[in-house]
Amino acid sequence: MLLVNTIRENYDTVLTGLKKRNLPNAESILAKVLELDQSRKDTQNQRDTLQAESNAISKQIGMLMKEGKNAEVEQIKARTTEIKEQIKTLEESFAQIEESLKQLLYTIPNVPHVSVPFGKSAEDNEIVLQNGTIPTLPEGKLPHWELIKKLDIIDFELGVKITGAGFPVYKGKGARLQRALINFFLDEALKAGYTEIQPPILVNEDSGYGTGQLPDKEGQMYEATVDRLFLIPTAEVPITNIYRDAILNESDFPIKNVGYTPCFRREAGSWGAHVRGLNRLHQFDKVEIVHISHPEVSYQALEEMSLYVQGLLQKLELPYRVLRLCGGDMGFTSALTYDMEVFSAAQERWLEVSSVSNFESYQANRLKLRYRNADKKTQLAHTLNGSALALPRIVAAILENNQTEAGIKMPEVLIPYLGFDKI
RNA sequence: AGAGAGUUGGGUGAGUGGCUGAAACCAACAGUUUGCUAAACUGUCGUACGGGUUAAACUGUACCGGGGGUUCGAAUCCCCCACUCUCUGCCA
């Protein structure tokens, strides 16, 4: 969430930013925030003053009792009862004000970076670049959901039997392709200086709040209700939460972590005709990169991540494009997001395979992720993350784009990992 | 899962009702000394939210696993919860 100080000190920037987000009533929301913050301060001030008085009296009682002046003690005790009443009232309204303020702040999305285009939907995203050649496919080309059936490498019906829709079973070369991609992505990340992390894939409530899945997107996660744990929708959640409540040193930067995990998404209400096959699943594999960055260089880090992800797509010989998301399409917590899309040649569609975002201090504020600057003051760090990469749509594109009469050719870089060169 | 013990600042660890935001030691940081390193010595050394200041200085409040209670006053007493350790059981 945003810092109230940011809202107060950069009011105009915040307001224009929120308008880019198409947030209705931005003015009145911000006004309410400032108002609540002011009454929070006033209330705290009153409470603290009374509390100070009460503390002084208690100290005095201690001394009087030591001197055996019990009559005087009884006298001033009466005064504290009065003060205590007042403190209690103030305490209650203070808690109430703080809670309303917090709830209100939760409803305010991050302020978009200046380069984020205005716009309402995916239509308005800006195409930054396009790279690679779109293949011409032979007669009788098939979409991946036909290919996997024909080749018997991914089985959706079997997944339905075991679990339900959206939980495919990968078999034979299909399973080996998954494993090869995961290893390839992790090895590439190591070469690029990332530290490999294997986090838990169930997280507690605090972690959900830390990265912003809670309280709003509760319905998007599977929950183990008995233990009040959530299956992660992305490795971003556990890997970023490593740094919850941390105070780093400037010398700790940059922090670059990579982790492979399965991801679980309920995807409630987001199914339709265009999400056949591997395009949308409840469980899928993803390798995620997470940066914790010094605020001054977080946008350099974002570019670095974008180039890194593009490099992976180039190595996999997939045609791709990079989009800068518009204010209306960007995630709630992001300040700037690049989406990477690959062209899946049989479906003739662009598929999102990565989303690289700078959250600036928005997540860090919830996480209480700070660092100590040269003046020994604590400052919020910046967090960034991106998929590198999400597997299912990569698999879909590899299968569709590389189909030949002789079978599906595997990308050169994967062959050492696969142990075969076509399916 | 059952029984017992525990949870204090970056670490070890003292503290059983007021003089404790918290001893001592270690680590860290700055300085003195030194041919260099080491040692020794001196100092600094929690977080959050307020007040104050151009900025500091200074100052108020809260925080000793989390929440609640008793009390004029709680790290210290009581209750609930979480977690950790030991033993027993079970198990990949």
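In what follows, chains are A, B, ... by sequence order, proteins preceding strands, each numbered from 1.
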Inset, instruction - Decide, yes or no, whether a salt bridge links Glu27(A) with Lys19(A) under the criterion of side-chain N to carboxylate O below 4.0 Å. - result: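 Looking at Glu27(A) and Lys19(A), the cut-off is met.
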Determine the Euclidean distance between corresponding [atom1] atoms of [M] and [N]; express it in Å to zero decimal places.
{"N": "rG65(B)", "M": "rG13(B)", "atom1": "P", "answer": "15 Å"}
{"N": "rA62(B)", "M": "rG67(B)", "atom1": "P", "answer": "15 Å"}
{"N": "rG4(B)", "M": "rC78(B)", "atom1": "P", "answer": "16 Å"}
{"N": "rG17(B)", "M": "rG69(B)", "atom1": "C1'", "answer": "15 Å"}
{"N": "rC45(B)", "M": "rC29(B)", "atom1": "C1'", "answer": "7 Å"}
{"N": "rA28(B)", "M": "rC91(B)", "atom1": "P", "answer": "48 Å"}
{"N": "rG6(B)", "M": "rU61(B)", "atom1": "P", "answer": "33 Å"}
{"N": "rG10(B)", "M": "rG52(B)", "atom1": "C1'", "answer": "31 Å"}

Taking pairing as Watson-Crick or G-U wobble with both contacts under 3.5 Å, can you name the mate of [N], or confirm there isn't one?
{"N": "rA22(B)", "result": "none"}
{"N": "rU70(B)", "result": "none"}
{"N": "rA14(B)", "result": "none"}
{"N": "rC83(B)", "result": "rG6(B)"}
{"N": "rA1(B)", "result": "rU88(B)"}
{"N": "rU42(B)", "result": "rA30(B)"}
{"N": "rU53(B)", "result": "none"}
{"N": "rA48(B)", "result": "rU61(B)"}

Check the distance between [N]'s [atom2] and [X]'s [atom1] and give it to me in whole angstrom.
{"X": "Met63(A)", "N": "rG73(B)", "atom1": "CE", "atom2": "P", "answer": "17 Å"}
{"X": "Gln46(A)", "N": "rG51(B)", "atom1": "CD", "atom2": "P", "answer": "13 Å"}
{"X": "Asn5(A)", "N": "rA48(B)", "atom1": "CG", "atom2": "C1'", "answer": "13 Å"}
{"X": "Ile97(A)", "N": "rC49(B)", "atom1": "CD1", "atom2": "P", "answer": "17 Å"}
{"X": "Glu91(A)", "N": "rC49(B)", "atom1": "CD", "atom2": "P", "answer": "17 Å"}
{"X": "Asp227(A)", "N": "rC83(B)", "atom1": "CG", "atom2": "C1'", "answer": "14 Å"}
{"X": "Glu250(A)", "N": "rC29(B)", "atom1": "CD", "atom2": "C1'", "answer": "15 Å"}
{"X": "Lys59(A)", "N": "rG21(B)", "atom1": "NZ", "atom2": "C1'", "answer": "11 Å"}

Inset, instruction - Give the ring-plane orientation class for Tyr371(A) versus His294(A), where under 30° counts as parallel, over 60° as perpendicular and anything between as tilted. - result: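 Tyr371(A) and His294(A): tilted rings.
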Inset, instruction - Please work out whether the ring planes of Tyr308(A) and Tyr194(A) are parallel, tilted or perpendicular, with thresholds of 30° and 60°. - result: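 It falls in the tilted class, 30° to 60°.
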Legend entry - Glu98(A) vs Asn55(A), nearer the 5' end of RNA chain B by closest nucleotide: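 The 5'-side residue here is Glu98(A).
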Legend entry - Nearest-nucleotide comparison on RNA chain B, the residue closer to the 5′ end among Thr81(A) and Leu3(A):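 Upstream on the strand: Leu3(A).
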Inset, instruction - Measure from NZ or CZ of Lys173(A) to the centre of the six-membered ring of Phe420(A) and say whether it is under 6.0 Å with the direction within 45° of the ring axis. - result: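 Geometry flag: set, cation within 6.0 Å and 45°.
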Between [N] and [X], is there an OP1 or OP2 to side-chain N/O distance shorter than 4.0 Å?
{"X": "Asn204(A)", "N": "rA82(B)", "result": "no"}
{"X": "Lys377(A)", "N": "rG46(B)", "result": "no"}
{"X": "Arg372(A)", "N": "rC29(B)", "result": "no"}
{"X": "Lys84(A)", "N": "rG73(B)", "result": "yes"}

Legend entry - Listed nucleotide nearest any side-chain atom of Asp48(A), set rG60(B), rU47(B), rC72(B):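 Selected nucleotide (nearest to the side chain): rG60(B).
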Inset, instruction - Among the candidates rU47(B), rG60(B), rC72(B), find the nucleotide nearest to the side-chain atoms of Thr378(A). - result: rU47(B)
Legend entry - Spatial distance of atom CD1 (Ile182(A)) from atom CG (Asp187(A)) [nearest 0.5 Å]: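 Ile182(A) CD1 to Asp187(A) CG: 12.0 Å, rounded to 0.5 Å.
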Legend entry - Nearest atoms (heavy-atom pairs only) where Leu281(A) meets Glu267(A):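 Taking Leu281(A) first and Glu267(A) second, the nearest heavy atoms are O-CG, 4.0 Å.
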Legend entry - Heavy-atom pair with the smallest gap, counting every atom of Cys326(A) and Gly119(A):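 Scanning both residues completely, I find the closest heavy atoms to be SG-C, 3.7 Å.
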No-hydrogen, no-angle side-chain donor-acceptor test under 3.5 Å, [X] and [Y]:
{"X": "Asn358(A)", "Y": "Tyr338(A)", "answer": "no"}
{"X": "Thr383(A)", "Y": "Gln363(A)", "answer": "yes"}
{"X": "Glu360(A)", "Y": "His382(A)", "answer": "no"}

Legend entry - Residues within residues 37-45 of chain A bordering RNA chain B, heavy-atom distance below 4.0 Å: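 Contacts with RNA chain B under 4.0 Å: Arg40(A), Lys41(A), Gln44(A), Asn45(A).
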Inset, instruction - With heavy atoms under 4.0 Å as the rule, sort Ile57(A) into base, sugar-phosphate or nothing. - result: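 Nothing: the residue Ile57(A), judged by heavy atoms under 4.0 Å, touches no strand.
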